[in-house]
Peer 1: 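Here you go, one structure.
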Amino acid sequence: MPRLYSPPPVVSATTLSPRALTHRMVRSLWGLALMFAVGATLSGADLTGQWQQADAAESAPVSTTGHSVATLITDTDTTDGKAPLHVALRLKLQDGWHTYWRNPGDAGEAPDVTVTADGAFNGKASPIVWPTPHRIPDSSLMSYAYTGDVVLPMELPLHPAGGETSGPTTLKAHASWLVCENVCVPEEADLAVTLQPGPAHLSAEASLFSAAAEATPVPSPYAATVSADGVLTIKGADLSARSVQDAWFMPDQPGLIDQAATQKFTVQDGSAALLLKRLPEFASTQPLSGLLVLKDAAGNERSLSLTARPVPALAGAPFASGQNASSSPLTSTLTQAGFLQQVVFAFLGGLILNLMPCVFPILAMKALSLARLGKAERRTQVMSAACYSLGVMVTFLALGGVMMGLRVAGAAADWGFQFQSPLFVTLVTWLLFAMALNLLGVFEFMPVSAGSSLTSHAHGHWHDVVTGILAVVVATPCTAPFMGVAIAGALSGPPAMGLIVFAAMGLGLAAPYLLLTTVPGLAARLPKPGAWMQYLRQFLAFPLLGSCVWLLWVASLEGGASVVLLLATGLVLLGFAGWIYGVAQVRLIQQGHTRTSTALHGLALLGLLGALALVPALRHQSAAPAASGSLTSGLPKGTEPFSEARLKELHAAGKPVFVDMTAAWCITCLVNERVALDIPSTQAAFAAHGVTVLRGDWTNHDPAISAFLKAHGRDGVPFYLYVPANGPEVVLPQILTPGLVASTVAK
């Protein structure tokens, strides 16, 4: 061992000059100072561990192979349990060596860390908040990794362990990681650090957490899509060739794209695009999540976390060659196939919508129209069906145009969005109530005159158009099979083609009526007109009244007691107006125009205006709904309210999750819950496989649920997603059966 201090040889002071003697004394003093410093260090060496456990925010280092040094660090030296701790696994890697991101790439393994607190406070840390990794290409492979001094932060919520919280809190961590250069070496360590009680005081390692936060991706402010031909597109007003000079994408999961393939990049004012090479396992209807790194002309990088929703190949972006990605023969074929598929799906969805449980009001209106066919000539039948179809298709086109326009303006608009407004729910309830009164014979929609009959079946073509409009209005709470993909594609593609998709949906809804009137053999099978039609008319009022009760419940969830009071008051006023109007119609038939009939008409108009006078108050309730109830209150055992954070937490813990996106105004959702989800056999299947059900209530607009739906290529409810502990996600159909749910979780 080298000597830290060597005393000078003994030399007589008389043999030295005064200057030399002075130098000798200075050197002696420096030597003594050095001895004291070394002695102090050595005497405190056996206290190092105690000092670290008592006051430091970094554990004792562990190095098993010499390729990395691991420690557990915190951003504070003390804790009082009032705020979550920020802890991190710190890895100091040997030069040339690296460890991996959550998606290691084509090879490797992500670090795994478990941190718990014990003592005055206890708790368990959340999953790692991953900083942006580096890309490390190697021939035909790509790795996403970290080098140098690596900090992997986590958040540790603290809870008092007992009545006494003045004692120390010990953090313990078990970590395993892989370090690689030309070879890979697995390493692991058990780490511990003790924090003394007291108000949080920033530690010397706090700056490491700040640096890690700066390197952590932020949620993308841009709308993102991924096309069937692999074009990842983002759109934003600040995107241009000046603000983005280069970009690259790193997926959250391997096996979706060729990670080592060149990612061609192009940018225009308002949009940027990357051409990714999709792998066969990546379905064209599957969303793509990961990190997008944007690099500006100055070399500054922005890392954005995003989830791109799937769109057909038509949504491709132009590339450096100046050609559009969809201009190649292969891409053009994919584009045409994708668009035709959307049109077919839209037609099938509209066709199946006739059978959905939420369409009882539609069936009531269409049943009356079908009954009238037996009394009319063929030409009248065809015109009736054509006018009904026109009302359906025009309303679908208008609804699609409004949704696309709102999205362009930056507002949230999804399928069924209008039912998230208490005002719209109230107006639809009033409309259905008025129709029920009409079916019961309280009054007639058609104008009458002396000598005519209240039971006359004659009506203008406008009646069929209005029936078609009302059919679409009351059908929008439902999403039939095939509709989800079709609507998502229509809202993300060019407006003209999107409108074609909505028109196809309307044609599917109107198809049975059209088919019945245009095929003579089918129309001939209708029963002959008779007294049964009057009884059928009156009977069909009750499904409409049942729908009013359901919508009243929806309004109570959306706006609370005040909305229910306004809605019910409007029902009373409309009932009074309908009754008085019916009395006036009878007098008009019997006596012609008289002052009494005129006064009765005026009184009925006052009742209608009284109901409409409630609209401003309802509009105020729509602007600030009162959350009086929720579908996520009183949940079955094993079911929790949905949140993205809870889903990630459960998945990180290796637990399977079933996501149920529902709404009170979606009858299909409620039926599925009653017959397939909230039943003993399904609950037993969930419990047997350790499945947690997360239920999202979309009755009122929820941006988090809207974003989740868009990320999975959907624009409405119901939506069911099974996230297994390992393996790809499974999207279930809109119509569930107990056997389907049980078999899905069993796999």
Side-chain angles (χ1 to χ4, degrees), residues 356-365 416-440 442-443 470-478 538-579 607-634 662-674 678 695 697-702 716-718:
M356 299 294 286
C358 60
V359 195
F360 289 124
I362 295 177
L363 297 179
M365 292 182 287
F417 73 98
Q418 64 273 33
F419 273 84
Q420 295 174 336
S421 164
L423 174 60
F424 183 83
V425 171
T426 298
L427 294 178
V428 172
T429 306
W430 289 351
L431 177 61
L432 296 181
F433 181 69
M435 292 173 60
L437 294 179
N438 172 252
L439 293 175
L440 290 171
V442 175
F443 70 95
L470 297 179
V472 177
V473 168
V474 297
T476 49
C478 292
Q538 294 172 354
F539 171 78
L540 290 176
F542 293 96
L544 297 180
L545 292 173
S547 298
C548 293
V549 174
W550 159 58
L551 291 174
L552 184 66
W553 172 66
V554 173
S556 70
L557 294 180
E558 292 183 343
S562 57
V563 168
V564 172
L565 177 62
L566 293 171
L567 190 156
T569 301
L571 291 177
V572 173
L573 292 172
L574 288 175
F576 174 77
W579 172 63
L608 176 62
L609 293 177
L612 295 178
L614 302 174
V615 169
L618 285 163
R619 184 181 293 114
H620 174 72
Q621 293 297 326
S622 295
S628 63
S630 171
L631 294 180
T632 56
S633 58
T662 182
W665 39 261
C666 173
I667 292 187
T668 308
C669 308
L670 303 180
V671 170
N672 282 335
E673 289 163 13
R674 299 298 186 273
D678 297 345
R695 181 164 293 170
D697 184 5
W698 208 42
T699 303
N700 290 310
H701 177 65
D702 187 328
V717 291

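For clarity, every value in this text was computed on a predicted model and none was experimentally measured. Heads up: numbering here begins at 1 and tracks the sequence.
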Peer 1: Within the 4.5 Å heavy-atom criterion, are L439 and L544 side-chain neighbours or not?
Peer 2: yes
Peer 1: Using every non-hydrogen atom in the two residues, find where P718 and N672 come nearest and quote the distance to one decimal.
Peer 2: CG-ND2, 4.3 Å
Peer 1: First locate atom OG1 of T699, then atom CG of L557, and finally report the distance between them rounded to the nearest 0.5 Å.
Peer 2: 6.0 Å
Peer 1: Looking only at non-hydrogen atoms, find the nearest pair between L573 and A611 and report the distance.
Peer 2: CD1-N, 3.5 Å
Peer 1: If I take atom CG from residue L551 and atom CG from residue L567, how far apart are they, to the nearest 0.5 angstrom?
Peer 2: 8.5 Å
Peer 1: Take D697 and D702 through the side-chain contact (heavy atoms from CB on, under 4.5 Å) test and state the conclusion after the steps.
Peer 2: CA-CA 8 Å; D697 184 5; D702 187 328; over 6 Å; no
Peer 1: So do the side chains of L552 and V564 get within less than 4.5 Å of each other, counting heavy atoms only?
Peer 2: yes
Peer 1: For the atom pair OG1 (T429) and CZ (F424), what is the distance rounded to the nearest 0.5 Å?
Peer 2: 9.5 Å
Peer 1: Taking atom CG of L440 and atom CG of L545, what is their separation to the nearest 0.5 Å?
Peer 2: 6.5 Å
Peer 1: Can you see which heavy atom on L608 is nearest to which on A577, and at what distance?
Peer 2: N-CB, 3.8 Å
Peer 1: For the atom pair CG (L470) and CG (L432), what is the distance rounded to the nearest 0.5 Å?
Peer 2: 8.0 Å
Peer 1: Taking the side chain as everything from C-beta on, heavy atoms only, tell me whether E558 gets closer than 4.5 Å to V563.
Peer 2: no
Peer 1: How far apart are the closest heavy atoms of T569 and L565, and which atoms are they?
Peer 2: OG1-O, 2.7 Å
Peer 1: Minimum heavy-atom separation for W430 and G570, please, with both atom names.
Peer 2: CZ2-CA, 3.5 Å
Peer 1: Taking all heavy atoms of A664 and all of L670, pick out the closest pair and write down the distance.
Peer 2: O-CD1, 3.5 Å
Peer 1: Could you tell me the separation between the OG atom of S421 and the CZ atom of R619, rounded to the nearest 0.5 Å?
Peer 2: 9.5 Å
